[in-house]
Trainee: 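Please read through the structure below; I'll follow up with questions.
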Amino acid sequence: MYDFDFIRPASVEDAVAALATDPEAIAFSGGQTLMPAMKQRLASPSAVVSLTGIAALKGLRDEGGRLWIGAATTHAQVAREAADSYPALASLAGRIGDPSVRARGTIGGSLANNDPSACYPAAVLGSGATVVTDRREIAADDFFEGMFTTALEEGEIVTAVIFPRPARARYEKFRQPASRFPLTAAFVAQFDDGVRVAITGASEGGVFRWTEAERALTGNFAPESLDDIAPPDAEGMISDLHGSGAYRAHLVKVMTRRAVANA
Amino acid sequence: MHKVSMTVNGRPVSGEVEGRTLLVDFLRVNLRLTGTHVGCDTSQCGACTVHMDDQPVKACSVLALDAEGADIATIEGMANADGSLSTIQQAFQDYHGLQCGFCTPGMVMAAAALLRETPRPTEAEVREYLDGNICRCTGYHNIVKAIMAASGQEVVPVAAE
Amino acid sequence: MPKDGGIGSSPKRREDIRFLTGTGRYSDDINLHGQAYAHFVRSDVAHGRILSIGTEAAMAMPGVIRVFTARDFEGAGGIPCGWQITSRDGSVMQEPKHPILAEGKVRHVGDPIAVVVAETLAQARDAGEALEIEIEDLPAVIDMRSALAEDAPLVHEDLSSNLCYDWGFVEENREATDRAIREAAHVTTLELVNNRLVANPMEPRVAVGDYAAHSDESTLYTTSQNPHVIRLLMGAFVLNIPEHKLRVVAPDVGGGFGAKIFHYAEEAFCTFAAKALRRPVKWTSSRSEAFMSDAHGRDHVTRIELALDADNNFTALRTETLANMGAYLSTFAPSIPTWLHGTLMAGNYRTPLVYVNVKAVFTNTVPVDAYRGAGRPEATFQLERVIDKAARELGVDPIALRRQNFITEFPYQTPVAVQYDTGDYHATMDKLLEISDHAGFEDRAADSRARGKLRGFGISHYIEACGIAPSNLVGQLGARAGLYESATVRVNATGGLVVMTGSHSHGQGHETTFAQVISDMIGIDADMVEIVHGDTARTPMGMGTYGSRSIAVGGSAMVRAAEKVIAKAKKIAAHLMEAADSDIELADGRFTVAGTDKSVAWGDVTLAAYVPHNYPLEDIEPGLEETAFYDPANFTFPSGAYGCEVELDPDTGEVTVLGFTAADDFGNVINPMIVEGQVHGGLAQGIGQALMENCAYDENGQLISASYMDYAMPRAADLPMFRVDHSCVTPCTHNPLGVKGCGEAGAIGSPPALVNAVLDALHRGGHRVDHIDMPLTPARVWTAMQG
């Protein structure tokens, strides 16, 4: 790693101020995906602004029937504490990485990084959640802008995510055997006004909504509803050592089907 | 350089580190606690697993400065007060849950974290929990057995017993 | 029942205490006063000409002590290769120079170009980026077939081609084999790839060089399986340091699996730099660096043909293999696809004619050398796959086809040079079928079908040659070293012993098992026996640990040395009791005059040896210390039957290993617990190869699987509980313990069993797939199912 200054503010305001004064500084919230990149010298921040000391960014609470999760809440805490309020989300959080990653990694860190193979973006997009930042609220549909790209502005910090609670939901993941990140995973959520299906791991464009499946499942939330739907176009799917685009496209359908069956 | 202070195996420690200094380097280099090992640089292998405020973390993926004030436990602090092996350590020896020993400190720390969360895990739970700890020697067979045994569950004894 | 703590029992491992408490001493735990840190700057292209290396800016960076390039090694030799293979036409193999740092050209991603030595590792890395290295890209040769094309770019321009050698074995069998195949009732042909692997011991390699000016002595601490070999190769061939001025220490080593046998540039560099800079120099590999600098394993492409007569007897076997050597010849590399592979092609079968052709090829990839099994997994894989395919083509049971062709009489001279001393292949096959509950398989398969899954069962029956190796034989085959082993047994005055062995433990538990043997021989507590290994200053010249040779060769040397000690001790005891030497018996730590109640304790005799007041000084010298060098008369031949049961998810192509059973014949077993552990580990690596591990390059020679993000290491949840058995015992006939070796078997026998199981599952599901190349990833299996 290149050396950098280290700042651990106690409030969101101080964190935002630190990032505003130094455009080369980065926000750091657990660092479970950033750290390997920094070790490979793919990132060279002048300063790391750690958000792990900000109490206001941690925890879960009910907010008018919706679930509020502080951005610096670890995956482990979500897995434990959302088990009743949003079981599908808790189940997803409890399967991210491994126990050590879950003890450090945070929802805000995951979303801000928007790795195309991360788990949380599928839940956020699949739930139609709202990403709250230090300055505004961003709808999930507007937040993810492609691989490692989000709507976040320079120096903008995710402070919380607010999840509406679906009637039924489920995350099904097919793991890449080496990294254990999703090779392809599907988050399916059934709300009163329709079904959302978000796919991660598969597309070169990062997390996306599989709208054909959403339409079919909104009509009838059952695995058979997907029978007559073709998998998404293999063009634009990630193709690598671990699977072709066609394979990933096929898995999109298989994982979505399983998510519906197990929701 | 920055000053950092934390508690390691019950003892307050402090030192001077760079912003980029990893917790594992602080332990190995500054404190000369070389029981915690480094087996990869992509946060996969878990040889560096320690406990931070009672949770397992990969010490190669935590900045030393981010551990300011934390309570850290390493393999060097795992034995009983009289120096004898703890239940988990003893089970690893009894069931031959280690060969070259390099991943072992991380395995023991992961096992301790698991049994704190789940005192009587199933075999599947043990295997799933070890997802972030790679062993190249044992095929995990005897590690899983050791952890099951350490949790007080019946397991098949090792050969020729 | 074995004696508690003696041969055949399973005492707990003594080395575990330090490993479990964080007090092990691995090379990276060694920090010497005044130590500087080395950072290797490596090629990021597969093939290129070095136009210039600008070091000025790097030298000016904080903490930098010196930057080294090839120019600093003009007086040094290249890294030597330990084997020379002779081609079919009688010419010796092409052997390029392997410099410590790249000279003029880089030949693979990871080839070291320069080294920065600085006060801290971070400073060395920072300065590494300030080096100004200009490289002209050259076209790379990655694929072996392309590398052999007429107009292929040359990896080494001073060689005539990228062909290292073209080996035929046994050349005299060639025509008869060809004829038998032409005239056969049935010929089954299979083309397959034995995938390139990375050994990945969990401890990355480390080298710490030190130099003592007052004595002109160099010391290297290194992660090696064979410190004496490193001392010889590095001292005599690379740095020109005589052995008496060079000490090599391999302390606790965190796994080897072959990758830590070889002499590496970083070892020579740190030894050299420590002397040049007059301060210790340390290098610790990162895992990413390990992927591009540790020797890789396997990487064969093979066409195999099995000929059968009308009664399904095997009549001939012919193979053509391309074996990847990578860019340079690593220490053992040429011997792996030849002598460790061709000689095992008969397998467990009475095939009268076998002909093996191997072309070894240079490519712009990391050097390839021994990895657990080394040549024998490649042989077993081909054979056990082609037999399964033949059985399917002929519509016969693959187990019956194997049994019909099993060798049943021993000793058995194969048509590929080696002679098997003992074995009982029907016994291991019977045991396998019994403990894997083969009889219940169809019910389990029906249960899987009911859940929409496909279940399959696959077997393999392997043979391997261990306990390498008779020196005179390997000398004829092209080895540039002997492959004996050594031991010194030093008895202390008060009766305790120190055994100094040339074998090296990097996980195998020699400190426990070797002590068990001595404890049994003398009848004393194992705690009285200390096993010392891994330090050239403390152990006699020995060849180290690889090829499942420790107990068979190193253990035999120890037994021989202990026998000498006991013989001498008996003379002393005879003197003390005024009896004849030949009447003295040793049991339970006491010497007795046969047929009498006269006895003296072990400790009385050892004390007399060092306090020789009442001692036969006219006949024997004082002291009790003996050394033996044991050179084996033959290889040992462990064998076994392996069975794998898988369930395949047809929706995703995912294969789950539900059960894996190993019935091995290792000859006599010293410590069953440790033997089982060795098999477990071997199985995990073999299953890893078959299911998920793959070292892949793209067409430009970039390493795609360059970290654990893309190189799939088996994890706990990928593997089942194993069923292993070693109760079928046909002792080795030519070593004193009757042992055969167990370290590699698991990795040798398991890949074909797994692949056979997956193909069985596919056929049961109506998918007529003949073969899928390893690893059988979900994507590959699913793709094969699409037809």
Side-chain angles (χ1 to χ4, degrees), chain B residues 18 20-21 28-29 32-45 47 74-79 83 85 89-90 92-96 98-105 108 123-124 126-145 158-161, chain C residues 2 8-10 12-13 15-26 28-29 31 122 199-204 252-257 284 286-288 506-509 671-685 687 707-709 713-717 719 721-722 746:
Chain B
E18 290 185 315
R20 62 180 160 181
T21 303
R28 285 183 57 83
V29 179
R32 292 280 190 248
L33 292 173
T34 55
T36 301
H37 297 152
V38 178
C40 80
D41 46 10
T42 51
S43 307
Q44 301 274 320
C45 84
T74 73
I75 189 69
E76 286 90 347
M78 287 303 282
L85 297 182
Q89 289 169 314
Q90 189 60 56
F92 269 71
Q93 188 190 28
D94 289 348
Y95 291 89
H96 191 28
L98 66 154
Q99 291 181 24
C100 83
F102 196 80
C103 76
T104 306
V108 169
E123 182 195 327
V126 173
R127 289 184 183 276
E128 199 50 47
Y129 199 88
L130 295 181
D131 202 48
N133 293 81
I134 302 177
C135 171
R136 192 58 153 169
C137 291
T138 64
Y140 305 99
H141 182 108
N142 285 339
I143 292 176
V144 175
K145 263 171 70 171
V158 296
E161 277 193 354
Chain C
S9 71
S10 296
K12 292 167 193 172
R13 295 202 326 168
E15 41 276 86
D16 288 356
I17 305 296
R18 63 179 190 271
F19 297 146
L20 282 163
T21 53
T23 48
R25 186 167 179 260
Y26 298 88
D28 193 45
D29 303 338
N31 293 294
N200 274 307
M202 291 319 297
E203 178 203 28
D252 285 331
V253 173
F257 315 116
T284 302
S286 69
R287 181 59 60 186
S288 302
H506 28 279
Q508 296 90 339
N671 182 320
M673 174 188 84
I674 285 179
V675 164
E676 292 188 2
Q678 288 292 308
V679 177
H680 295 157
L683 292 178
Q685 290 182 5
I687 292 169
S707 77
Y708 291 154
M709 295 297 281
M713 293 284 280
R715 317 250 183 151
L719 299 167
M721 283 297 189
F722 306 115

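Just so it is clear, the model here is predicted, and its values are computed rather than measured. Each chain gets a letter, A, B and so on, in the order its sequence line appears, and its residues count up from 1. When reading the values below, keep in mind they use all heavy atoms of this one structure, side chains included, and skip hydrogens, waters and symmetry mates.
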Trainee: With sequence neighbours left out, what residues match C:Thr21 under side-chain hydrogen bond (donor to acceptor under 3.5 Å, both in side chains)?
Mentor: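 By the side-chain hydrogen bond (donor to acceptor under 3.5 Å, both in side chains) rule, C:Thr21 matches C:Thr23.
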Trainee: Rounded to the nearest 0.5 Å, what's the gap from OG1 on B:Thr104 to CZ on C:Arg18? Could you check?
Mentor: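 Going from the OG1 atom of B:Thr104 to the CZ atom of C:Arg18 covers 11.5 Å.
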Trainee: Would you mind checking which part of C:Tyr26 comes under 4.5 Å of any heavy atom in chain B, side chain (CB onward), backbone (N, CA, C, O), both or neither?
Mentor: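 Just the side chain, heavy atoms under 4.5 Å.
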Trainee: Give, as side chain, backbone, both or neither, the part of C:Ile674 having an atom under 4.5 angstrom from any heavy atom of chain B.
Mentor: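 Both the backbone and the side chain of C:Ile674 come within 4.5 Å of chain B.
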Trainee: With respect to chain C, which residue among B:Gly39, B:Gly35, B:Gly83 yields the maximal number of heavy-atom pairs within a distance under 4.5 Å?
Mentor: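 Among B:Gly39, B:Gly35, B:Gly83, the one with the most close pairs to chain C is B:Gly39.
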Trainee: Please state whether the side chain, the backbone, both or neither of B:Val29 comes within less than 4.5 Å of a heavy atom of chain C.
Mentor: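 Interface part for B:Val29: neither.
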Trainee: Might you point out which heavy atoms bring C:Asp16 and B:Gln93 nearest each other, and give the distance in Å?
Mentor: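 Looking at all heavy atoms of both residues, the shortest contact is OD2-CG, 3.4 Å.
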Trainee: Between B:Phe102 and chain C, with a heavy-atom cut-off of 4.5 Å, which part of the residue counts as in contact: side chain, backbone, both or neither?
Mentor: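 For B:Phe102, the contact with chain C is made by backbone and side chain together.
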Trainee: Under a 3.5 Å distance rule, please check whether B:His141 uses its side chain to pair with a backbone N or O of C:Phe722 as donor and acceptor.
Mentor: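 Such a contact is found between B:His141 side chain and C:Phe722 backbone.
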Trainee: Pick from B:Leu130, B:Asn142, B:Ile143: which one has the most heavy-atom pairs with chain C under 4.5 Å?
Mentor: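 Most heavy-atom pairs under 4.5 Å with chain C: B:Asn142.
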Trainee: Please look at C:Ala199 and chain B and tell me whether the side chain, the backbone, both or neither of the residue comes under 4.5 angstrom of a heavy atom of that chain.
Mentor: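 Looking at C:Ala199, just its backbone touches chain B.
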Trainee: Name the member of B:Cys135, B:Ser43, B:Ala79, B:Cys137 that forms the most heavy-atom pairs with chain C at distances under 4.5 Å.
Mentor: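 Looking at each option in turn, the highest pair count goes to B:Cys137.
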Trainee: Locate the shortest heavy-atom distance separating C:Gly22 from B:Glu76; write the atom from each residue and the value.
Mentor: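 For C:Gly22 versus B:Glu76, the nearest heavy atoms are O-OE2, 3.9 Å.
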Trainee: Go through the structure and list residues passing side chain to side chain contact (heavy atoms under 4.5 Å, CB included) with C:Ala717, not counting sequence neighbours.
Mentor: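 Result, side chain to side chain contact (heavy atoms under 4.5 Å, CB included) vs C:Ala717: B:Arg127, B:Glu128.
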Trainee: I'd like to verify something: which residue of C:Ala684, C:Ser707, C:Pro204 has the highest number of heavy-atom pairs under 4.5 Å with chain B?
Mentor: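 The answer is C:Pro204.
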Trainee: Under 4.5 Å from any heavy atom of chain B, what part of C:Val679 do you find: side chain, backbone, both or neither?
Mentor: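 Contact with chain B involves no heavy atom of C:Val679 at all.
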Trainee: What part of C:Asp28 lies closer than 4.5 angstrom to a heavy atom of chain B: side chain, backbone, both or neither?
Mentor: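 Both backbone and side chain.
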Trainee: Measure the spacing between NZ of B:Lys145 and NE2 of C:His680 and express it to the nearest 0.5 Å.
Mentor: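 If I round to the nearest 0.5 Å, the distance is 7.0 Å.
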Trainee: Between C:Met721 and B:Val144, which heavy-atom pair has the shortest distance, and what is it?
Mentor: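 That closest heavy-atom pairing would be CE-CG1, 3.6 Å.
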Trainee: Could you tell me which of B:Gln89, B:His96, B:Glu123, B:Met78 has the largest number of non-hydrogen atom pairs under 4.5 Å with chain C?
Mentor: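 Looking at each option in turn, the highest pair count goes to B:His96.
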Trainee: Where on C:Met713 is there a heavy atom nearer than 4.5 Å to chain B: the side chain, the backbone, both, or neither?
Mentor: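 The side chain, not the backbone.
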Trainee: Tell me, do C:Arg13 and B:Leu98 make a side-chain contact under 4.5 Å, heavy atoms counted?
Mentor: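 Yes, at least one pair of side-chain atoms sits under 4.5 Å.
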Trainee: Check whether B:His37 gets within reach of chain C through its side chain, its backbone, both or neither, counting any heavy atom under 4.5 Å.
Mentor: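 The side chain, not the backbone.
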Trainee: If we define contacts as heavy-atom pairs under 4.5 Å, which of C:Met709, C:Arg25, C:Gln678, C:His506 has the most with chain B?
Mentor: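 The answer is C:Met709.
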Trainee: With a 4.5 Å cut-off on heavy-atom pairs, point out which of C:Ala122, C:Gly24, C:Gly682, C:Pro201 contacts chain B the most.
Mentor: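 Highest number of heavy-atom pairs under 4.5 Å: C:Ala122.
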Trainee: Which heavy atom in B:Asp41 sits nearest to a heavy atom in C:Ser288, and how many Å separate them?
Mentor: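 Smallest heavy-atom distance, with atoms named: OD2-OG, 2.8 Å.
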Trainee: Is any side-chain heavy atom of C:Arg715 closer than 4.5 Å to a side-chain heavy atom of B:Asp131?
Mentor: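 Of all side-chain heavy-atom pairs linking B:Asp131 with C:Arg715, at least one is under 4.5 Å.
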Trainee: Relative to chain C, which segment of B:Leu85 carries a heavy atom at a distance below 4.5 Å: side chain, backbone, both, or neither?
Mentor: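 Interface part for B:Leu85: side chain.
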Trainee: Please report the shortest heavy-atom distance between C:Met202 and B:Cys45, naming the atom on each side.
Mentor: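 Taking every non-hydrogen atom into account, CE-CB, 3.5 Å.
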Trainee: Please rank C:Asn200, C:Leu683, C:Val253 by heavy-atom pairs under 4.5 Å with chain B and give me the top one.
Mentor: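 Highest number of pairs under 4.5 Å: C:Asn200.
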Trainee: Could you tell me whether the side chain of C:Phe19 reaches within less than 4.5 Å of the side chain of B:Cys100, counting heavy atoms only?
Mentor: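 Counting from C-beta outward, B:Cys100 and C:Phe19 never come under 4.5 Å.
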Trainee: Tell me, side chain or backbone of C:Glu15 under 4.5 Å from chain B's heavy atoms, or both, or neither?
Mentor: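 Neither the backbone nor the side chain of C:Glu15 comes within 4.5 Å of chain B.
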Trainee: Measuring heavy-atom distances to chain B, does C:Leu719 have an atom under 4.5 Å in its side chain, in its backbone, in both, or in neither?
Mentor: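 Both backbone and side chain of C:Leu719 come within 4.5 Å of chain B.
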Trainee: Show the numbers, then the answer: is there a salt bridge (charged side-chain N to carboxylate O under 4.0 Å, His left out) between C:Asp29 and B:Arg32?
Mentor: CA-CA 8 Å; C:Asp29 303 338; B:Arg32 292 280 190 248; over 6 Å; no
